Amino acid sequence: MQKLNHILNSIHALRIAGNPDKIELSGLTIDSRKVKMGDLFIAIRGTATDGHQHISSAIEAGAVAIVCEQLPEVLQENVCYVQVANSAIAAGWIAAAYYGNPSAAMKVVGITGTNGKTTIATLLYQLFKKLGFTCGLISTVKNYIGDEEEPSTHTTPDALQIQKLLSKMHQKGCAYVFMEVSSHAIHQHRIAGIQFTGGVFSNITHDHLDYHQTFDAYIKAKKAFFDELPNTAFALTNLDDKRGKVMLQNTQAKTYTYSLKNPADFKGKIFENNLTGLVMLVDDVETHFRMIGTFNAYNLLAVYGVATLLQQEKTEVLAILSNLTGARGRFQICYSKNENILGIVDYAHTPDALINVTGAINQIRKNGQLLISVVGCGGDRDKEKRPLMAEVAATHSDKLILTSDNPRSEDPEQILDEMEAGLTAVLKRKCLRISDRKEAIKTACMLAQKGDIILIAGKGHETWQEIKGEKFPFDDYAILEESFELLNK
């Protein structure tokens, strides 16, 4: 239980109607359907619904306090109303105060960018665990409190969930927390109230325009994370991304850079890039890494930079990093041993991510090895990238199978039509359409000859497929393994 007047010290209230001094809160919620007796209900204007429309039902369910941007015309007795300028921002700070400001007691590092967030966050979590620390991870794939797994539903949870999660991490003795910070979370102020020790920018490319509408708005959302970092934090950016410097223009944090191409605070150089991994020079130390591809060279360099900024010993960091393999569904390799076919499952769901993955494969494959790619696009999401995804996949593959991703409410065949619109007559000749994703994966395996490489892109770590509002069990890696077993018989 927390006293309301104590919680309100964390925010600037425009007006308070009622007496907060005697109210003790049993909980916080932004969902009126989850209100319990004694709760504080925070009315947030969302993209789909406006919490202000549900204030009366929240009070009927037992809410004793309301935080809102606009007070109701009729105020109920025995309820305290708190008017604020922005409920979403207030929610983060209220939740932080309610849970005892857990982020202030730990070192929290946020990673943002279009690609690489999950890999960088996961590698940092794995690295610091092996360095002997108890750590937390908040990511698209999984959340971890120490060794304990927590379910993950969003790249970044809502403001109340995240503070509750951080509180659990603090209680379990976590010294470090590594978290993905999505553009949606930044724009919706879900990270308000978190005291970050550092922030990392990986890269930015065409994505989430269904939400942000313009690329400029998407860039500004990412940049806002760094704009809010305090002068006690560090900000580490990818100097080789043309917007890397832009991210740091207005930050108060201490700024650092990493690069493969330019002089930087953390400099890397690739010596070898093949199926056995990367050989890189990192700050004049030659190291062999098990991870593959130039994009992973950047991810590893970012992780090394963060670890160094967090005062870890460089030689030990590189020794541990050399044996790590990253996150599930990120360039995850599966072999068909009898047929000598290499399968790769990757989350690549943007044109740039697909260029990175196919580029990495094309750099390491030998003459005569064909690349067969299986690619889809999600329904109810950015439609502009659909023809681009197909064009990239077809251009950089020898054979392409267009298939479903998560069609959601859309007709899968219509999505494939929009993807196929990006293909020239020449590219169409190397393309098949199989809307059933399982059949598409099986077909790719049947088409592959000895030594060939199969890329299954788009869903990565996901273990479900969303069709017409329902989620069905579906795991690209498991289906690839199953298809390989059939080949081996």
Side-chain angles (χ1 to χ4, degrees), residues 31 33 46-49 118 139-142 151-158 182 184 206-211 327-330 332 334 343-351 353-354 357 372-390 392-394 400-423 431-447 454-484 486:
D31 187 339
R33 297 166 299 182
T47 53
T49 60
T118 301
S139 81
T140 307
V141 180
K142 288 179 180 177
S152 175
T153 55
H154 296 84
T155 302
T156 315
D158 70 47
S182 70
H184 292 69
H206 190 288
D207 199 17
H208 299 309
L209 298 197
D210 55 310
Y211 177 84
R328 184 179 182 276
R330 267 62 174 180
Q332 188 176 6
C334 177
I344 298 168
V345 173
D346 194 87
Y347 190 53
H349 60 284
T350 66
L354 206 50
V357 172
I372 303 168
S373 296
V374 179
V375 177
C377 286
D380 303 332
R381 296 292 187 270
D382 184 0
K383 292 187 177 185
E384 289 184 27
K385 70 182 181 184
R386 290 175 184 174
L388 299 174
M389 291 283 287
V392 166
L400 170 64
I401 301 176
L402 296 179
T403 190
S404 292
D405 190 289
N406 294 310
R408 299 184 176 90
S409 70
E410 290 194 64
D411 176 4
E413 294 295 339
Q414 177 63 34
I415 296 173
L416 295 186
D417 286 343
E418 292 175 15
M419 292 183 74
E420 197 172 1
L423 301 180
C431 177
L432 293 174
R433 285 177 54 146
I434 304 174
S435 60
D436 184 308
R437 191 173 179 92
K438 185 172 184 177
E439 286 304 313
I441 294 171
K442 285 184 174 180
T443 301
C445 293
M446 287 189 288
L447 289 173
I454 299 170
L455 169 65
I456 314 296
K459 287 174 57 59
H461 62 281
E462 294 174 353
T463 55
W464 44 264
Q465 188 176 30
E466 187 176 344
I467 303 170
K468 300 297 182 186
E470 190 173 350
K471 286 186 174 181
F472 299 90
F474 198 100
D475 186 328
D476 280 355
Y477 192 86
I479 291 168
L480 185 60
E481 276 191 315
E482 177 187 308
S483 301
F484 278 166
L486 291 173

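This is a predicted model, so every value here is computed, not measured.
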Student: Looking only at heavy atoms, which two atoms of P387 and E384 are closest? And how far apart?
Tutor: CD-O, 3.6 Å
Student: When rounded to the nearest 0.5 angstrom, what is the spacing between CG in L455 and CG in L354?
Tutor: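 CG of L354 is found 6.5 Å from CG of L455.
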Student: Examine distances only and state if a side-chain atom of E466 and a backbone atom of R408 form a donor-acceptor pair shorter than 3.5 Å.
Tutor: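 No; judged by distance alone, with no hydrogens or angles, the pair does not exist.
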Student: Any donor-acceptor pair under 3.5 Å linking the side chain of E482 with the backbone of I479?
Tutor: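 Checked: no pair found.
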Student: Distance from D411 atom CG to E418 atom CD, nearest 0.5 Å?
Tutor: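 Going from the CG atom of D411 to the CD atom of E418 covers 10.0 Å.
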Student: I want to check something: taking the side chain as every heavy atom from C-beta on, are C334 and V345 in contact at a cut-off of under 4.5 Å?
Tutor: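 Not in contact.
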Student: Rounded to the nearest 0.5 Å, what separates atom OG1 in T403 from atom NZ in K438?
Tutor: 13.0 Å
Student: To the closest 0.5 Å, what do you measure between CD1 (I372) and CG (L447)?
Tutor: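 Going from the CD1 atom of I372 to the CG atom of L447 covers 5.5 Å.
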Student: Can you name the nearest heavy-atom pair linking A390 to L423, along with the distance?
Tutor: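 Nearest heavy atoms, A390 then L423: O-CD2, 3.4 Å.
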Student: Would you find a donor on one side and an acceptor on the other, under 3.5 Å apart, between the side chain of T463 and the backbone of D475?
Tutor: no
Student: Between E462 and R437 (salt bridge meaning N to carboxylate O under 4.0 Å), is one present in this structure?
Tutor: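 Salt bridge: no.
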Student: Are V392 and V375 side-chain neighbours, meaning at least one heavy-atom pair lies under 4.5 Å?
Tutor: no
Student: Can you check whether T140 reaches Y347 side chain to side chain, under 4.5 Å on heavy atoms?
Tutor: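 Side chain of T140 against side chain of Y347, heavy atoms only: contact under 4.5 Å found.
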Student: Working to the nearest 0.5 angstrom, can you tell me the gap between I434 CD1 and T443 OG1?
Tutor: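 Between I434 CD1 and T443 OG1, I get 3.5 Å after rounding to 0.5 Å.
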Student: Which atoms form the tightest heavy-atom contact between C377 and I415, and what is the distance?
Tutor: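 So the minimum-distance heavy-atom pair works out to O-CG2, 3.6 Å.
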Student: Can you find a heavy atom in the side chain of K142 that is under 4.5 Å from one in the side chain of H461?
Tutor: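 SC-SC contact between K142 and H461 ruled out.
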Student: Please find the pair of heavy atoms, one from A444 and one from I401, that lie closest to each other, and give the distance.
Tutor: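 That would be N-CD1, 3.7 Å.
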Student: Give me the atom names and distance for the closest heavy-atom approach of L400 to A393.
Tutor: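 For L400 versus A393, the nearest heavy atoms are CD1-CB, 3.7 Å.
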Student: Please report the closest heavy-atom contact between V357 and A348, naming both atoms and the distance.
Tutor: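 Minimum heavy-atom separation between V357 and A348: CG2-CB, 4.0 Å.
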Student: Under 3.5 Å, side chain of S404 to main-chain N/O of D436, donor-acceptor pair present?
Tutor: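 No, because the side chain of S404 does not come within donor-acceptor range (under 3.5 Å) of the backbone of D436.
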Student: How about F484 and I454: do any of their side-chain heavy atoms sit closer than 4.5 Å?
Tutor: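 Heavy-atom side-chain distance check passes, below 4.5 Å.
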Student: Answer yes or no: is there a donor N or O on one side and an acceptor on the other, between the side chain of Q465 and the main chain of D405, under 3.5 Å?
Tutor: yes
Student: Distance check, rounded to the nearest 0.5 Å: K468 atom NZ versus E410 atom CD?
Tutor: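 K468 atom NZ to E410 atom CD measures 8.5 Å (nearest 0.5 Å).
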Student: So, D417 and R386, do they make that salt bridge, N to O below 4.0 Å?
Tutor: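 Salt bridge: no.
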Student: Pick out which of D476, D346, N406 makes a side-chain hydrogen bond (donor to acceptor under 3.5 Å, both in side chains) with K459.
Tutor: N406
